[in-house]
Amino acid sequence: MRVYRSGLKAAAGLMFVAMPMLAHHSFAAEYDENHLVTLRGTITKVSWKNPHVTLNLNATNESGKVVNWEVEMASPNGLMRQGWKIDSVKQGDRVVVTGFGARDGSHVASATKVVLGGAAYSAVR
């Protein structure tokens with residue numbers, strides 16, 4: 001009986017640890033590596049949450065219309081290891097973001113580089 005309970009606890013522990021991986025998505029399923037986008041705009045929202053930091057920004061498209069984009073970056077810890085701080089970018093900042101567009105054509109991108117005031121920051125995973 002004691003061995004059974006130990007095995008059950010171990011299995012429950014493994015499931016608990018694996019849960020974040022079940023919620024994560026595949027880059028290739030969501031983003032098109034052949035569709036590089038460059039967005040120039042103003043940040044409207046910054047969210048430092050796991051599993052990824054996200055920026056929302058208003059960027060003008062080719063026809064002159066302002067479009068709100070959601071840009072996914074690396075994890076908060078990953079960005080901090082690269083020198084980012086929680087206040088590195090904030091609402092109202094003008095940025096240039098380079099990254100890969102969504103496969104479904106929505107206004108979502110995965111950033112590879114963020115340029116703020118002439119300083120370039122890596123945003124990769």
*Among V89, V114, V95, which residue meets the side chain to side chain contact (heavy atoms under 4.5 Å, CB included) test with L57?*
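Answer after filtering V89, V114, V95: V95.
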
_Please tell me whether V108 and V96 are part of a single hydrophobic cluster in this structure, the criterion being side-chain heavy atoms less than 4.5 Å apart._
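Hydrophobic grouping puts V108 apart from V96.
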
*asked:* Are V46 and V71 connected into the same hydrophobic cluster when the rule is that any two of I, L, V, M, F, W, Y join if their side-chain heavy atoms are below 4.5 Å apart?
replied: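 Yes; V46 is reachable from V71 via cluster members.
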
*asked:* Test of understanding: with side chain to side chain donor-acceptor pair (under 3.5 Å), list the residues that count as partners of D104, not counting sequence neighbours.
replied: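 So D104 forms a side chain to side chain donor-acceptor pair (under 3.5 Å) with S106.
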
Quick check for you: to the nearest 0.5 Å, what is the distance between [X] atom [atom1] and [Y] atom [atom2]?
| X | Y | atom1 | atom2 | answer |
| --- | --- | --- | --- | --- |
| H107 | N58 | NE2 | CG | 11.5 Å |
| W69 | N61 | CH2 | CG | 9.0 Å |
| K90 | L55 | NZ | CG | 12.5 Å |
| S110 | E70 | OG | CD | 11.0 Å |
| T42 | N56 | OG1 | CG | 12.5 Å |

Minimal non-hydrogen separation, [X] against [Y], with atom names:
| X | Y | result |
| --- | --- | --- |
| I86 | W48 | O-NE1, 3.4 Å |
| S88 | L116 | O-CD2, 3.0 Å |
| A111 | V97 | CB-CG1, 3.8 Å |
| N50 | P76 | OD1-CD, 3.1 Å |
| T112 | F100 | CG2-CE1, 3.5 Å |

Would you find a donor on one side and an acceptor on the other, under 3.5 Å apart, between the side chain of [X] and the backbone of [Y]?
| X | Y | result |
| --- | --- | --- |
| R103 | Y31 | yes |
| T98 | T38 | no |
| S75 | H52 | no |

